Each structure stands twice: as structure tokens, then as C-alpha cells.
2 protein chains.
Amino acid sequence: MKKMLLASTSTIHGQKYLEYLLEEISVLFKGCKNILFIPFARPSGISHFEYTDVVKNTLKKININVLDYHSDEKICTNINICDGIFTGGGNTFLLLHKLYEYNLIFPLKDKINSGIPYLGTSAGTNICGMTIGTTNDMPIINVENHKALEILSFNINPHYLDPFKDSKHMGESRQTRIKEFHILNNHKVIGLRESSFISIDKEDYMLNGPKQAVVFEKDRKPYEINSGFNLKNLI
Amino acid sequence: MKKMLLASTSTIHGQKYLEYLLEEISVLFKGCKNILFIPFARPSGISHFEYTDVVKNTLKKININVLDYHSDEKICTNINICDGIFTGGGNTFLLLHKLYEYNLIFPLKDKINSGIPYLGTSAGTNICGMTIGTTNDMPIINVENHKALEILSFNINPHYLDPFKDSKHMGESRQTRIKEFHILNNHKVIGLRESSFISIDKEDYMLNGPKQAVVFEKDRKPYEINSGFNLKNLI
């Protein structure tokens, strides 16, 4: 029953916030009257109120109404009256921590599995995987558990970056980090490049956008999949 | 009483493992007969045995003896007989998890505070800060607590990278991530560029190496400090 749009990033270079996705978002939220925005990831520490306001003004352009931010508590009750959900990007640890703190894991999972239209960007996409074990974010807060919503049977690595050729930096590449993840974890990881997104409609998980994505499996060389690939074939 | 060498990285571009630091390491471990290597961070998933072997062969060149790896349990007992300690880089979450699992936090902290010569590279440097909240690594394993050894009163961000000019990538820069850290945390963060290291001798914490380092404080613009700066002035 799922209906989701999971994007690597909210913004692509040279464009405005969500600009490249507005058409897709129009389709996803068609007929919805009250979108709940979950602002807990707070990019650059922006307040929950300000973040919701940015989203509200952006989605107003395509005639989509986002519920006002009043308080964190109100978000917890609004989840029962909304008809669409958008979780924005920022820090994945902070986002998951808040979902645990407010006991929102089960209600959110339940809503998404029941088919409420769901939009995720970056951290909001990450939390739909099995764990947050492949986030790029800094662990700025202790999360009691890395277990995420488990809507997907794999993990996402958003903002996926290929190793830099000719780099003189000796810090691990994204690929090396994901290889380390697979020493201890078994599930697949999809490296989702910026401008890529996954459109989920019931049993179909289509990779969309102009770019390929990279699939990382334990004990196997990473490989590319094309836009238009149905990820249900990997599950 | 502390005597430490905390490096951003083990290896600099175009050189062999630890090559650029060998002279400093000779001085640090002068007179030591039995160096304990802590291999738990396992870069790229290398085994504890293999990792120890690499270190053993490298330090042999400067006539420093590293204790053989037999088992994780043996590391826990060797901490009582060694006269120097080296914690290597890799994944910081995994390293800290193992230190908690084997109850090594207190013994290690106690040894370092008592003045045993200690060498850390990357993850091995990171764990000497207040928390691992400014690591660049992926959270490939749940760590019960982000609290680290608290030998330093600040955090380190090893392999510090300046924001890329002209980058079209929209993932957060290192600076943005550390800013997000300071929304929730108060202690200072030192962005330690590759080839920089901190030499600690009793009360002195000298920044060394050819590069400047960046200091991040809550609610203050980041600023540079020069090689030769004594970090005790920041504490």
C-alpha cells in the first residue's frame, strides 16, 4: 500500500529548495489537504518553526498546504489528522533521537505502511531504511538505537559521492566506509546520488532521476543500476 | 603527567604508513620495550592480527617492539604489562564499542593519565576527546555511549577538510556539521588537518606539523591557530 518519494537531497546545485522535485511532489500529494512536516533534523540548527515555514512557503507554490508548526507535542498529535507526511533533511542522529523520544517510530511506520503519501529528503530518506548505519552525518547526539523505520529492507546512503580521483586526502572514501559497514552488517546499501530519488508505489520501488545509483552488497563488488530500475528486484 | 602524540592521520599522501611520524614516534617511545597496539578500529575490515602485524613491521624499522596479537582477551591483560600504547585508525564507533565491551575505558584512561606514552592516529586520536561526536566515520555499530576517554577537554575532528570551493555537491561541509554539533554540545572542536598532530607533554599541548588547525567554538566564528600554538591556552 506504500506511496513514497525518497530523495537523496532536497536541493540540487544552482536551484532553489525542492525545485527539481516539485512536479513529483505535486503528484505524490495530489488531493492532500494537510501535510505534516517533521522538522526534527534541523539542518544547520534552524528552529523547528523556521524550518516548517520554509517548507510551507515552498509547497504553497504548488498549492499544497503544510500544517503550521506550534510545538513538538502538536506534531505528535497531528500525525493522526494529517493526510501526507514530509520529513526534511538535516542531522539523521538528531532526527531519529527525536522520533524515539516522542514515541513516533511506531505511528510513523504504521501511517507509511498504511499508504499515507510520504516524502523524505536526505535524513528523511535515511530513516526509512533498516538502520541509520550508513548516514554521512556526525553523531552530534547519542541515539539509543540505530534501528530505523525498516520500511525498506535495505539502507540508503544519500548524497552518495564517488571516490575523488587524484585526491590527496587520506580520509576514507564513501565506498570504503560502506565496505566497513558490511564487515558487521548484512543488508544491502543503495548509494543514491544527488538528484536521484526512489518512487515507491505499492510493490514497486523505481529508481528515478537522471543518474545511476550504486548497489553495495556484502562480499560483492559494488555495481551500478540505471534510472528506471525496479529495486524490488534486489529485495 | 601525560605524554602523547595525537595525529590526524597515520598516512599522508604519497608516503608509507606512519612514515612522516617515525621520528616523533622514536622520541615518544624512547626506552619502551613493549608497545601494546590496539587494533579494534579495523580500517577496511582488516583483521586484528593483520593490523597488528602491519604496525609491528613498521615500528621495527625504528627498533620499537610491538607486542604480538594473540587474542582480544590478551590485549586486555597486556595493558597491564606494556610500557607504551598505540591505538590505530579505522572506524571510531567500532573502536569505542570494543573499549566499552572489554571494559577498557577506565584502564586505558588511567594508564594515559599516569604518563604511559600514547600514540593515536585518526580514530585513536578521536577517542581521546570528550566524545566521538565529531567523528567523520559511519555508525556501522551501535555504541552504548558516545562519551570517549575525556583525556582532552575538547573534541578532535581528524582528517579535517576545508569546504570545497566550486563544489556542486549539496551534502553538508565539515564546517556545517561541526556547527550542528555546537547546537547541542558546548565543548570546543579542533579541526586537525592531515599531517598535523598534537604533542602532549605534561601540561603542554603543542600543535605540530606543517599546517594550521581550525578551532570551532560554540557561537563563535571558526578561527585558525598556527603550528607551535599551545592548546593549553584554549582549555
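So you know, we letter chains A, B, ... as the sequences are listed, proteins then strands, and number each from 1. Hydrogens, waters and symmetry mates are skipped; everything else that's a heavy atom, side chains included, is used. Here the structure is a predicted model, which means the values were calculated and not measured.
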Chemist: Tell me, side chain or backbone of B:Asp137 under 4.5 Å from chain A's heavy atoms, or both, or neither?
Modeler: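 Both parts, backbone and side chain.
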Chemist: Could you tell me which non-hydrogen atom of B:Gly88 sits nearest to which non-hydrogen atom of B:Ala123, and how far apart they are?
Modeler: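 Shortest heavy-atom separation between B:Gly88 and B:Ala123 comes out as O-CB, 4.3 Å.
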Chemist: Give me the ring orientation class for B:Phe154 and B:Tyr205: parallel if the planes are under 30° apart, tilted from 30 to 60°, perpendicular past 60°.
Modeler: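 It falls in the perpendicular class, over 60°.
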Chemist: Is it the side chain or the backbone of A:Ser44 that comes within 4.5 Å of chain B heavy atoms, both, or neither?
Modeler: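 Backbone plus side chain of A:Ser44, per the 4.5 Å heavy-atom cut-off to chain B.
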Chemist: Chain B heavy atoms under 4.5 Å from A:Glu180: which part of the residue, side chain, backbone, both or neither?
Modeler: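 Contact with chain B: backbone and side chain both.
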Chemist: As an exercise: rank A:Arg193, A:Glu194, A:Lys179, A:Arg174 by heavy-atom pairs under 4.5 Å with chain B and give me the winner.
Modeler: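 Highest number of pairs under 4.5 Å: A:Glu194.
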Chemist: Against chain B, label A:Asn157 side chain, backbone, both or neither, depending on which of its atoms sit under 4.5 Å from a heavy atom there.
Modeler: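 A:Asn157 touches chain B through side-chain heavy atoms alone.
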Chemist: Non-hydrogen atoms of chain A under 4.5 Å away: do they reach the side chain of B:Ile141, the backbone, both or neither?
Modeler: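 Backbone plus side chain of B:Ile141, per the 4.5 Å heavy-atom cut-off to chain A.
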Chemist: Contact part of B:Thr135 toward chain A, heavy-atom cut-off under 4.5 Å: side chain, backbone, both or neither?
Modeler: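 Looking at B:Thr135, backbone and side chain both touch chain A.
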Chemist: Please identify, among B:Ser122, B:Ser10, B:Gly133, the residue contributing the most non-hydrogen atom pairs under 4.5 Å to chain A.
Modeler: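 That would be B:Gly133.
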Chemist: Which is it for B:His187 and B:Ser153 under the side chain to side chain donor-acceptor pair (under 3.5 Å) test, yes or no, and what are the steps along the way?
Modeler: CA-CA 7 Å; B:His187 47 271; B:Ser153 63; over 6 Å; no
Chemist: Of the listed residues (A:Gly89, A:Gly45, A:Pro158), which shares the most heavy-atom pairs with chain B below a 4.5 Å separation?
Modeler: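 Maximum pair count with chain B is reached by A:Gly45.
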Chemist: Just wondering, are more than 12 heavy atoms of other shown residues or ligands nearer than 6.0 Å to CZ in B:Phe49?
Modeler: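 It does not: B:Phe49 CZ has 12 such atoms or fewer within range.
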Chemist: Need one label for B:Ile140: side chain, backbone, both or neither, based on atoms under 4.5 Å from any heavy atom in chain A.
Modeler: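 Looking at B:Ile140, backbone and side chain both touch chain A.
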Chemist: Measuring heavy-atom distances to chain B, does A:Ile12 have an atom under 4.5 Å in its side chain, in its backbone, in both, or in neither?
Modeler: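 The backbone, not the side chain.
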Chemist: Shorter than 4.5 Å, heavy atoms on both sides: which option in A:Ile132, A:Asn185, A:Leu161 has the most such pairs with chain B?
Modeler: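 Max contact count across the listed options: A:Leu161.
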Chemist: Sub-3.5 Å donor-acceptor pair from the side chain of A:Arg177 to the main-chain atoms of B:Asn136, do we have one?
Modeler: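 A pair under 3.5 Å: yes.
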Chemist: A:Thr131, A:Thr11, A:Thr9: which one forms the most heavy-atom pairs within less than 4.5 Å of chain B?
Modeler: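 Top option by heavy-atom pairs under 4.5 Å: A:Thr11.
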Chemist: Taking all non-hydrogen atoms of both residues, which atom of A:Phe37 and which atom of A:Phe86 are closest, and how far apart?
Modeler: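 Scanning both residues completely, I find the closest heavy atoms to be CD1-O, 3.2 Å.
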Chemist: Considering only residues two or more places apart or on different chains, which pairs with a residue in residues 35-62 of chain A satisfy salt bridge (Lys or Arg N to Asp or Glu O under 4.0 Å)?
Modeler: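 Matches after skipping sequence neighbours: A:Lys56-A:Asp68.
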Chemist: Which atoms of B:Thr176 come close to chain A, meaning under 4.5 Å heavy atom to heavy atom: side chain ones, backbone ones, both, or neither?
Modeler: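 It is the side chain, since no backbone atom gets that close.
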Chemist: Ring centres under 6.0 Å, that's the criterion: do A:Tyr69 and A:Tyr51 meet it?
Modeler: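 Here the rings of A:Tyr51 and A:Tyr69 have centres that are no less than 6.0 Å from each other.
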Chemist: Taking NZ in A:Lys218 as the centre, count heavy atoms belonging to other residues, nucleotides or ligands within less than 6.0 Å. Is the count above 12?
Modeler: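 Check passes, neighbour count above 12.
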